[in-house]
Structure formats: structure tokens, C-alpha cells
Amino acid sequence: MLEKEYYPQKIEKKWLEIWDNENPYKTPNESDKPKFYALSMLPYPSGKLHMGHVRNYTITDVIARFKRAQGYNVLHPMGWDSFGLPADNAATQHNADPKTWTLSNISYMKKQLKMLGLSVDWDREVTTCLPDYYKWTQWLFLQLYKKGLAYKKTAPVNWCEKCATVLANEQVIDGKCWRCDSEVTKKNLSQWFFKITEYSDELLKDLDLLKGWGDNVKTMQYNWIGKSQGSILKFKVKEIDGLEIPVYTTRADTAYGITYLVVAPEYKDIDKLTTPENKAAVEQYRSNAKKLSEIERLSTQRIKTGVPLGTHIINPFTGRVCPIWVADYALVDYGTGAVMAVPYHDERDFDFAKKYNLPMIQVIDGEGFDPNKVYVEKGKLINSAQFDGLDCEEAKKQITQYAHDNGFGEFKTQFRLRDWLISRQRYWGAPIPIVYCPNCGEVAVDEKDLPVLLPTDVDFSVKGKSPIETSPTFRYTTCPKCGAKAVRDMDTMDTFVCSSWYYMRYVDPKNDKECFNRDLINKWLPVDQYVGGIEHAVLHLLYARFFTKALRDCGLLDFDEPFKNLLTQGMVLKDGSKMSKSKGNTVDPDDIYRNFGADTARLFILSDSPPARDFDWTDAGVEGCYKFILRVYRLYSKYQDKINLNYNFEIDKLNKNDEDMVRNTHIAIKKITNDIENEFQFNTVISRYRELTNSIYEYTKDENKINYEVLSFSLLTLLKLISPVCVFMAQEIYCELGAKNSIHLESWPKYDEKLAQNSAVTLVVQVNGKVRDKIDVEANLDNLELEKIAKNSSKVQEFIQGKTIVKTIVVPNKLVNIVAK
RNA sequence: GCCCUGGUGGUGGAAUCGGUAGACACGUCGGACUUAAAAUCCGGUGAGGCUAAUAACUUCGUGCCAGUUCAAGUCUGGCCCAGGGCACCA
């Protein structure tokens, strides 16, 4: 029996216990059904769930339930991205053990996730910080290492003082650390990199294959990879025989306008290029440049500085002798680290030339050229010998070709993307499985010796170095090759390495022989629907794509892209601004569960905005959803004795009132199904729930007119339609109505196209495009009849009086427009 | 500067193909029920004009300006604003 009023807390508790024991969403790897892989970005176990999590996991869960009802074998797993800095910090601050801290957070958050009613197969749970997972992270590192995709080099790297570790380029946002927001400086260190640049072209090209990704994410990756087509031109140094300076340029067409050359302060040949007279000034300039942080370098954007080296290059096109300068507007790690300067046709060169009184030569002519201003537009070449008169684009080709033919140039494609720096000077991560042997040098740990376990005998209270270095046991080992005494690499891997392949482990999470079974991974992947935050557009989503391609080339899998469809959900705001602890406008999911139940939380978080847009959390909105749930429930508790699970009626024998109820139900099925299939518009789905509920209330207004077979059909259909969202209430009602199965295992309702429309429609009658009358007519009348009805309208008559009808447009079931002059 | 996304009532938002702009809610106003309140149920609610307040009628209205069309929130061109990304990238 259903109680008169609904008590979500009581009912949700009951079903949670049952589901906890049964794991009803256990997914078999073998099935006759087609597969569907629904994936949420796995959470970092920070301590408590926040509303962003609730939104993310609710969206994926509803998709998973919908697909399950449509007959798919749905994989909907969950795991923990559980290595990472906050655990290290917690350990340092409270002298706690990062593992204990992390695992206790996981256990609390797992409980919160379960309370949300997710249809997750918990038997496939993956925890990246446990040895049975990071063993395979290390193993995959070794595969990339063997393939030459992991390498160590000394380079100026991004350093965050507060986090006491290096950062990947993707983790530096506006010159600041992505995690703690403090300033990033450069440090020269020997570090491990993954050769993501090897895949620059493919990562860029395959964006086109990702039809199920939003343009925003694709453009961000496109910009980040930053492909540019240009030329390398080489310049002989006048003073030093045999020394050449290559430059990268996208404006080879302006080669005749070069008046000086600029090299970056870190340029490799800079010492050779500096004459004794200029040495002091150059040294001074370089050491100043070194001190600048990324932010300062950005802030000096408009005031360009530099000093001459005293040497010159000869422009091979013109024979002109041009001075070489050092200036920090040239970047050492882009192109060749040297830039040819054409002041009239490049803004930066123009500013610099003006400041230091360097000569300018105009080589492009076009409308609006002003000798006092920079001219970056395209035009026709002048002062360029045999290339005069050419268009810029054609000139680029011909000039580069000419340089090529004469041995001082070539075409060159350049990318902005840099290799992925993966070493971290932190404890709580997967140790890098490499040892250093005095005889053999850098040696990979033998695969059979994996995992390289994190040491536990460490001191977290030390400052200024990684706690891992305090372990008396970890450092020393023997060389896998020669058996000599060797030392381990003391760094751990960036957590983004762990999260680059977790979605692969879900297909085979308990496999202790291999990281995943090849047949299983080819069967389940790519992920059919991935859901997560936009903040990972160039971090996780780029790394995961790289990993997939790299593992494919290691022969571990046979697909090119990991995520077929991507839904990036918007942020959860509170009263118009981002939820944050400092603002004190956070909402605790526990409070919502306690006061309204998880169904209300799920319903509300889907209701007010489409998934991709930001969502504003309001207390009034939550209450509105709670009231709606109670309103729905009351219908079932009122009519529970009348509801027939095996309802039966013949549509032809129904009266109009009953037929309309049936039609409204079919319309709801159709619209809800379409709304979910079309971009997951859950906000309109929920509107349809309300519309159908309202129309059932309307139908039951007069008790004497109710056909209980029809009512049963409508109520049972509504229940199934609402079940992916209000999972507990739907289950409770269906069970109490006497159904044997769980409603979550029932199939999705089907609609009849003929019944999924109203029996009567409102015909809009326009005269000259303005609405003049609205007439209720039977559906599906033919055009001639509609035209006749329209012309008979007295209001229409008024407007066409004394005019001639030029044309009549009829849109079936909708509108007639009479054009009269 | 370049790129992406968006701009619709007091608010969140809706509107397959170009075809009733504002679905469904929130808020608000009113009514029923109640001794009263809460809850619930029912109804009004884009702006202006005309009316006596209503009904009826009518004009305007989807960031701005043009255009295409019988018909534009939707298509085309130009602009403005907001959010996000990239940026001394040669």
C-alpha cells in the first residue's frame, strides 16, 4: 500500500539498502544487446560531494537509465582520481597519512554518491591510488618509454613554489598555477616528458572526426595545438664563418623588408654572436630577462626592450647587412628562437624599430598604407626584385621555393603544443618506474617487478623537498640489467597520467595479468557518451586523446579516439555567482538529501537549464521540485486501487475525453524521447512531465468521467517516463502497485505516431502575414478545406474587403496566410 | 587582435522545416478550502493604447541597423554587448 503522503527520506533509505545488497546494475561483458558506454569524469576525493558532482553524475545516470530501458547493455562505472596534491597537503598540515586521508574521503563520498541513486556497477569501481591500479599506470609508462614516447630532458620548466613542483604547460593558466593560483616561475630541471607533440597533426586532424563534441571544446584544443604554416629562412652571420641563424616566419613574402634580426635571451648561440664590446650589456639584459616570471613577461607586453649583439646577418635576398639584437619578445621555445624583423609589416617589429631607431623598408603595398604606421594587411609586393607585383600568398610560396632552391630555406609547419611534462616532485602519485645505474645509466624497471610501491616510511613534515626523498629504503635498489647498486627516480607522475586511461580499466577492472583485455576494450570503447566539466578541455581531454593514440601505436588497442560523444556541463551557480567556500554560498548535497530527498535534487538539477549551460541553484526552485514530486505521488496513492498493471482498451471505442488523454500520453512519450535523444534537453523533458501530470489531473477532475483503463495507461506511462530521474519514488510506487520487476528494468514506452498528435488543432489565419483569427479545426484536413474555412471567417472578411486576393499559403494543421492587395 | 558560445517577460528558460513568440516553471496577484495559518486545488500575469476596472478591439515587442520572404527569435550582411578560450606564437 502506498501511504497518503510521500516521505522521501524513509523510502530512499529503504531502497538504498536493497540496492546495496543486490547491485542491480551489474553489467555483464557478454550480452546479446548492443553496448552503450556512459561515462562521467571521475571525481577527485576531496572530502565531500559538491553540486557540480551532483549535476555531472545525475546527467550521466539519466542517460544510462534511458539507454538501458531502450535495450542497451549499458556500462556505467565510477571511480576515484585519487592521487594528487591535496592529499600531500593534508598530510603535511595534519601530519596524516595521505592514503588514510584519501581512502576515508572516498568512503564518505561513495556513500554520498550511492545516496544520489546512481545506477552504477559498483563491482567495477576503480581507485587510481591503489597498487592494483598504479601498477598498470607504471606499466603503461614503460610501454611509452619503449616506444620512445617517454623521455627525460633538461629544460626550463614551469615551477610552482607553493605546490613545490613542476607543472605542465596546460596547468599554467595566465602565468599562474591551475591549482593554487600562485605565480609560476621558470626553473631549469631534468624532467620526464611524454612526446605528445609527435601526435600534433593527428590530434588536430581527428578533431574533425569528433562530430559529437561541442565546437567550444574543439576550438580550444585547436587553438592549443596551434598549427601554423610558414617557412624557415636561414641567414649567414657576417662576422662568423659557417654560422647560420634560421628563423621561422609565416610572412616569407616580406623577406625583402628585413632590417634586423632578433634572438631570444636564451638562444643557444648567443654567446658566439656577442662581440666583446657588447658582452656586458647583453649579459645584463639576459640576467634581467631570466628573473622575470611569466606574469611579468606578459605585463611588459607593450614596452619592448632589447640590446644589440654587435654582429650582423646578411639577407640572402638583398645582400643587406642587418644587425642582430637580443630581445625577450622572441621566445626560445617557439620556432627557432630567432625572428626576422620587418618593421613596416609586423606590429612588434614596428614598435621595436621605432623605439631603437632601426630602419624600415616597405615591401607590401595596398590601400591605406601610411609611412608612419604599421601595415599588416595583405597586398602586392614592391621593392622585392623579381617578386614585385605578386600577391602575398603567392609570394610566400615563390620566395620560399626560391630560398629552397638556393639552399637557404624550406617550408615548415609549426605547432604551439609542447611535450607533456609528467614528473612531479611530490609523494602522493605513481612512482616513475626508472632506476639510475652507475654502469648502465637510465634503466627501466623490469615489468615483473611492478608495481614500484610508494614507500610508507616517509616524513611528511619536511619542507622544500618531496617527502619521498626522506624514505630510507626507497632510494636504493639494484640495476635490473647488471645487478649493481642503483638509485630510483624519486619523482611521481602527474595525476593526469592516471586519469588518461581510467576509462579503459573499467572494462576489465580486476584483471591482474594485463591492464585490460584487448577484446574487451575494443568491444566497449570508444565511450558512447562522456559527461564532465569544460575545465578539462585542454587538460584531461587532450591527454586522454593522446594516450589512446599512443596505446594504439603500442599495439594495445584498435581505435583512434576515446570519446565519441562529449557533453560538457555548465557550472552550478548560486544566486547568479559561482559556488565557493569563501563566498559562503555553497549548497551541501547532504542537506538536500535530508530535507527533500535525492529525487528532488536530481529533478531540480536537471530542470531549469539545458545541461551545457550554467545552472542557477535557488532554494525556491528546490522547493518547487519537491512539491511536484509530492503532487505526482498523490495521483498514485489516490488511484492505487484502480490502477491495472495489465490495462486494456480499444482506442476506437473511447469517447473524445478519453481519447485525448491517450493522445496526450503518446505526445508526452514522443516529446520526452526526442528531447533526450536530441542533445539531452532534460529541462524540457521535465516540462513534459509537468504537462502530462497536469493533464492527468485535469482528466481526473470529474470522477464520473474517468476510464480507469485509460488512467492506468497514462499513470504507468508517466511513471516509466519519470523513473530515470525520480528513481526512488518510481521504484516505490511501481513496487507497491504490485509489479514484479523493478521499474528500472522495464523497457522504454513506445508511442504511436498517429496518436502522438492532437485530434483538433488551432488554425491560425493571417492576412498579409498578421494573425487575424484563430479557429479550432479537426486535425489533418486538406489544404482546400482549410483555405475555405479561413476565407469564411468574418474577421478575415473584414480585412480583405475591397481587396483582391493575390495568393494564399496553407501550412497543413497550422496556418493559412491570405495575401491581399 | 583572433577564435568559440550566447543575448527572448520581473526570473530560469521554451519554440523540428522560416509558420500563433513567451511552453513549463519560479515569483507575484486573486479565488476556493480553513476559526486562522500552512499545505492543497483553481484562475490571472510581455509592454502600451482604448474603455469605467471588465469583455472586445488594437499597436508594439526576441541586443542594434539593414536585407531576403506571403511570413524572420529562426536565413543573409553589417554592428553592439556579455561570458569563455588563445595571444610578443613571428
Side-chain angles (χ1 to χ4, degrees), chain A residues 5 173-174 214-228 230-231 247-251 254 262 264 297-298 300-304 327-331 333-342 345-349 351-352 376 414-416 534-535 537-538 570 576 604 607-610 612-625 627-628 630-631 634 671 674-675 678 681 683-694 697-698 701 761-771 773-774 795 806-820:
Chain A
E5 279 293 320
I173 318 284
D174 289 335
D215 284 341
N216 51 348
V217 180
K218 285 198 274 188
T219 330
M220 278 188 229
Q221 292 210 358
Y222 183 91
N223 288 339
W224 191 261
I225 296 166
K227 184 175 182 170
S228 102
S231 320
V247 304
Y248 174 75
T249 179
T250 53
R251 291 299 303 272
T254 62
V262 177
R297 207 158 158 164
L298 283 174
T300 57
Q301 204 165 344
R302 267 171 208 91
I303 314 136
K304 294 189 181 21
D328 63 4
Y329 82 87
L331 308 173
D333 52 2
Y334 186 78
T336 63
V339 187
M340 65 180 220
V342 186
H345 306 296
D346 181 281
E347 271 180 56
R348 293 150 301 182
D349 300 344
D351 291 346
F352 194 81
V376 294
Q414 183 70 41
F415 293 93
R416 209 189 71 95
I534 184 83
E535 65 274 16
V538 289
F604 179 51
S607 66
D608 267 3
S609 300
R613 248 191 260 181
D614 287 351
F615 177 87
D616 200 5
W617 183 280
T618 60
D619 295 337
V622 183
E623 277 168 44
C625 285
K627 284 182 190 169
F628 174 67
L630 300 182
R631 179 172 152 87
R634 276 195 296 273
K671 287 185 168 169
N674 289 349
D675 284 353
N678 173 34
Q681 291 187 54
N683 55 328
T684 56
V685 167
I686 285 155
S687 301
R688 311 295 176 212
Y689 293 161
R690 292 178 185 271
E691 282 175 350
L692 183 57
T693 306
N694 289 346
Y697 263 93
E698 180 77 27
K701 247 184 187 169
V761 293
T762 305
L763 182 72
V764 173
V765 186
Q766 300 180 326
V767 177
N768 292 332
K770 294 207 171 185
V771 180
D773 202 2
K774 293 174 187 178
K795 287 174 193 164
V806 183
K807 197 172 175 185
T808 307
I809 291 107
V810 183
V811 183
N813 282 336
K814 263 188 186 151
L815 162 146
V816 175
N817 186 12
I818 298 163
V819 187

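Computed from a predicted structure; not experimentally measured. Letters A, B, ... mirror the listed sequences (proteins, then strands); counts begin at 1.
Taking atom CG on L815(A) and atom P on G18(B), their separation rounds to 15 Å, with Å as the unit. At whole-Å resolution of the value, CH2 in W617(A) and P in C26(B) are 16 Å apart. The distance from atom CZ of R416(A) to atom C1' of A87(B) is 8 Å, rounded to the nearest whole Å. Straight-line distance from the CG atom of D351(A) to the C1' atom of A90(B): 14 Å, rounded to whole Å. With rounding to whole Å, N223(A) atom CG is found 13 Å from C89(B) atom P. For I809(A) and A71(B), the CD1 to C1' distance is 7 Å, given to the nearest whole Å. Whole-Å rounding puts the R690(A) CZ to A14(B) P distance at 15 Å. Look at CG on L630(A): it is 17 Å from P on A38(B), rounded to the nearest Å.
Contact annotation: R631(A) does not reach the phosphate of U40(B) (side-chain N/O to OP1 or OP2, under 4.0 Å). Phosphate contact (OP1/OP2 of A90(B), side-chain N/O of Y334(A), threshold under 4.0 Å): present. Checking the phosphate oxygens (OP1, OP2) of C70(B), a side-chain nitrogen or oxygen of K807(A) falls inside 4.0 Å.
Nucleotide C17(B) carries a syn base; the chi torsion (O4'-C1'-N9-C4 or O4'-C1'-N1-C2) is within 90° of 0. Taking the O4'-C1'-N9-C4 or O4'-C1'-N1-C2 dihedral as appropriate, G9(B) has a value within 90° of 0 and is therefore syn.
Spacing between G85(B) and C70(B) at atom P, rounded to whole Å, works out to 45 Å. On the C1' atoms, A37(B) is 44 Å away from U58(B), given to the nearest whole Å. To the nearest whole angstrom, the two P atoms, one in G48(B) and one in A53(B), are 14 Å apart. Here the separation of C57(B) from U62(B), taken at their P atoms, is 23 Å to the nearest Å. The separation of C24(B) from A72(B), taken at their C1' atoms, amounts to 25 Å, rounded to a whole angstrom. If you take atom C1' in U28(B) and the same atom in U11(B), they sit 11 Å apart, rounded to whole Å. The P atoms of A25(B) and C41(B) are separated by 11 Å, rounded to the nearest whole Å. Only the P atoms considered, U68(B) is 28 Å distant from G9(B), to the nearest whole Å.
No side-chain heavy atom of V247(A) sits under 4.5 Å from any side-chain heavy atom of V339(A). In this structure the side chain of R348(A) never reaches within 4.5 angstrom of the side chain of V262(A), judged on heavy atoms. Looking only at side-chain heavy atoms (C-beta outward), T254(A) and M340(A) come within less than 4.5 Å of each other. Counting heavy atoms from C-beta outward, N694(A) and R631(A) have side chains that approach closer than 4.5 Å.
Not less than 6.0 angstrom separates the ring centroid of F604(A) from the ring centroid of F628(A).
With distances taken from any side-chain atom of A620(A) to the nucleotides C41(B), G27(B), A90(B), the minimum falls on G27(B). Between G19(B), A39(B), C4(B), one nucleotide has an atom nearer to the side chain of T219(A) than all others, and that is C4(B).
Across all strands shown, N694(A) has heavy atoms under 4.0 Å from sugar-phosphate atoms exclusively, and none from any base. At the heavy-atom level, K795(A) lies under 4.0 Å from the strands shown only through sugar-phosphate atoms. Among the protein residues, R348(A) comes within range of the nucleic acid bases, having at least one heavy atom under 4.0 Å from a base atom. Contact annotation for Q681(A): backbone-only contact, meaning every heavy-atom pair under 4.0 Å involves sugar-phosphate atoms and none involves a base. V819(A) comes within 4.0 angstrom of the backbone, heavy atoms only, and of no base. Across all strands shown, R688(A) has no heavy atoms under 4.0 Å from either base or sugar-phosphate atoms. Among the protein residues, K770(A) comes within range of the sugar-phosphate backbone only, with heavy atoms under 4.0 Å from sugar or phosphate atoms but none that close to a base.
Mapping K774(A) and Q414(A) onto RNA chain B via the closest heavy atom, the residue that lands nearer the 5' end is K774(A). Summary of the strand contacts: V771(A) and R634(A) both lie near RNA chain B, and taking for each the nucleotide with the nearest heavy atom, the more 5' one is attributed to V771(A).
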Protein proximity profile, nucleotides 5-13 of chain B - base contact B, sugar-phosphate-only contact S, no contact -, cut-off 4.0 Å on heavy atoms: S------SS
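Going from atom NZ of K807(A) over to atom CD1 of I818(A) covers 13.5 Å, rounded to the nearest 0.5 Å. Annotation: the span from R416(A) atom CZ to K227(A) atom NZ amounts to 15.5 Å, rounded to 0.5 Å.
Heavy-atom contacts from other residues, nucleotides or ligands closer than 6.0 Å to CZ of F415(A) number more than 12.
With hydrogens and angles disregarded, a donor-acceptor distance shorter than 3.5 Å links the side chain of Y248(A) to the backbone of G230(A). A distance-only check finds a donor-acceptor pair linking the side chain of N817(A) to the backbone of G769(A) [under 3.5 Å]. Side-chain N or O atoms of D608(A) include none that pairs as donor or acceptor with a backbone N or O of N683(A) at under 3.5 Å.
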Dot-bracket notation for RNA chain B, counting Watson-Crick and G-U pairs under 3.5 Å, with | for partners on another strand: (((((((..(((......[....)))((((((.......))))))((((.......))))..(((((..]....))))))))))))....
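A salt bridge does not link R251(A) with D346(A): every distance from a Lys NZ or Arg NE/NH1/NH2 to an Asp or Glu carboxylate oxygen is 4.0 Å or more.
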